[in-house]
Amino acid sequence: GVSATAGSCSRSESPTAPSGPAALTLSVAPSAVPYAGGAGVGGAICPAPYLSRWGPFAWSVRESNGRAVTITSFRYLVKRADGSVEDDAESIRVLSASLTGVPSTTVALPAYASLTGRPEYDCELERDGRPAFGGGAIEFTASGRDDAGNPVTSTAVLTLLPPS
C-alpha cells in the first residue's frame with residue numbers, strides 16, 4: 001500500500017548513475033584581494049621583475065554530478081581596471097601544484113570530490129618600487145573532460161584591488 005510506495009520512492013542506499021556531464025565548479029577565495037606589497041615584503045614570493053603582488057587567495061575545484069573529471073587546461077586572463085588585457089597565459093602545472101603539491105599536465109578530480117589549493121599570490125610587474133599594474137581582475141578557467149568524454153569547463157573571477 002502506501003508505505004510500500006513511499007519506500008520505493010525514498011532514496012536508496014546504492015548510488016545512482018549520473019545523468020549528463022560532470023558538474024565542475026572552479027572557485028577562488030576570497031573573491032577580492034588587496035595589494036600585498038612589493039619586494040622584500042613577506043619574503044621572496046615573486047621573481048624579478050614581477051615583484052608586486054596581490055593576495056593571498058586559494059583555488060578550489062569541485063565535481064557535483066557523479067562523474068570523475070580530468071582537468072587538462074588552466075587559463076588565467078589578467079585584465080586591467082579598464083578591461084584591457086595585461087596577461088593571457090595557460091598553465092595546468094600551476095593549478096596542479098597548488099591543488100595536489102605536484103606539478104602535472106592533468107588534475108584528476110573524482111566524482112563528488114573537491115580539492116583546495118594552498119595560498120597563492122598574483123605577481124605583476126614592478127617599476128621603480130611601485131606596481132606597474134594598478135589592479136583589475138583575473139579570470140581563471142579550468143577545463144577538461146569527464147569520465148564519459150564530455151567536455152567540462154568552469155570560470156572563477158578574482159578581483160585585484162588597486163594599491164592604496
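Keep in mind that the numbers below use all heavy atoms, side chains included, and drop hydrogens, waters and symmetry copies. Remember, predicted model here, so these are calculated numbers, not experimental data. Sequential numbering from 1 along the given sequence is applied to the chain's residues.
Under the 3.5 Å distance criterion, the side-chain polar atoms of T159 are left unmatched by any main-chain donor or acceptor of L161. R67 places a side-chain N or O within donor-acceptor distance of the main-chain N or O of G20, the cut-off being under 3.5 Å. Remark: side-chain polar atoms of N65 are paired, donor with acceptor, to backbone N or O of P21 under 3.5 angstrom. Between the E63 side chain and the A113 main chain, no donor and acceptor come within less than 3.5 Å of each other. Although no hydrogens or angles enter the test, the distance criterion places a donor-acceptor pair under 3.5 Å between the side chain of T100 and the main chain of S96.
Among all heavy-atom pairs drawn from R127 and A132, the shortest one is NH1-CB, 3.0 Å. Smallest separation of non-hydrogen atoms from A142 and I71: CB-CG2, 4.1 Å. A36 and G55 make their closest contact through CB-O, 3.7 Å (heavy atoms, listed as atom of the first residue, atom of the second, distance). Contact record, P119 with P56: CB-CB, 4.1 Å, taken as the closest heavy-atom pair. Taking each heavy atom of G117 and A58 in turn, the nearest pair found is O-CB, 3.7 Å. Heavy-atom minimum distance, G101 versus P103: O-CD, 4.1 Å.
Outside the 6.0 Å centre-distance limit, the rings of Y121 and W54 are not counted as a close aromatic pair.
The OG1 atom of T72 lies 11.0 Å from the CG atom of L95; values are rounded to the nearest 0.5 Å. In this structure, CZ on R93 lies 10.0 Å from OG1 on T106, to the nearest 0.5 angstrom.
Looking at T141 and T155, their side chains do bring a donor and an acceptor atom within 3.5 Å of each other. E90 and S73 form a side-chain donor-acceptor contact under 3.5 Å, judged by distance and modelled atom types alone. A donor-acceptor pair shorter than 3.5 Å can be found between the side chains of E120 and S98.
Ring geometry for Y76 versus F74: interplanar angle of 30 to 60°, hence tilted.
Each disulfide (SG to SG under 2.5 Å) pair with one or both residues in residues 61-164, not counting sequence neighbours, appears once here: C46-C123. Every pair tested for disulfide (SG to SG under 2.5 Å) that includes a residue from residues 47-119 fails, sequence neighbours excluded, so the list is empty.
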Steps toward side chain to side chain contact (heavy atoms under 4.5 Å, CB included) verdict (T116, W59): CA-CA 6 Å; T116 298; W59 295 296; over 6 Å; no

Test side chain to side chain contact (heavy atoms under 4.5 Å, CB included) applied to L158 and V33, step by step: CA-CA 7 Å; L158 174 66; V33 292; 4.0 Å; yes

Evaluation steps, side chain to side chain contact (heavy atoms under 4.5 Å, CB included), between F133 and S52: CA-CA 8 Å; F133 178 74; S52 291; over 6 Å; no

Test side chain to side chain contact (heavy atoms under 4.5 Å, CB included) applied to E124 and V78, step by step: CA-CA 10 Å; E124 298 293 338; V78 182; 3.6 Å; yes

CA sep, side-chain torsions, deciding dist, call: S143, T153, side-chain hydrogen bond (donor to acceptor under 3.5 Å, both in side chains): CA-CA 4 Å; S143 57; T153 189; 4.5 Å; no

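At a threshold of 4.5 Å between side-chain heavy atoms, the hydrophobic network of Ile, Leu, Val, Met, Phe, Trp and Tyr places I138 and V61 in one connected group. Note on F140 and V94: same hydrophobic cluster, where clusters join Ile, Leu, Val, Met, Phe, Trp and Tyr whose side-chain heavy atoms are under 4.5 Å apart, directly or indirectly.
With sequence neighbours left out, the salt bridge (charged side-chain N to carboxylate O under 4.0 Å, His left out) criterion links E139 to K79. Every residue two or more places apart in sequence or in another chain was checked for a salt bridge (charged side-chain N to carboxylate O under 4.0 Å, His left out) with R145, and none qualifies. Partners of R80 under the salt bridge (charged side-chain N to carboxylate O under 4.0 Å, His left out) rule, at least two apart in sequence or in another chain, are E86.
Taking 4.5 Å as the limit, some side-chain heavy atom of F57 sits within range of a side-chain heavy atom of P30. Looking only at side-chain heavy atoms (C-beta outward), L160 and D122 come within less than 4.5 Å of each other. The side-chain heavy atoms of L109 and L24, taken from C-beta on, include a pair separated by under 4.5 Å.
Summarising the hydrophobic clusters (Ile, Leu, Val, Met, Phe, Trp, Tyr; side-chain heavy atoms under 4.5 Å, direct or chained), the residues clustered with L125 are Y50.
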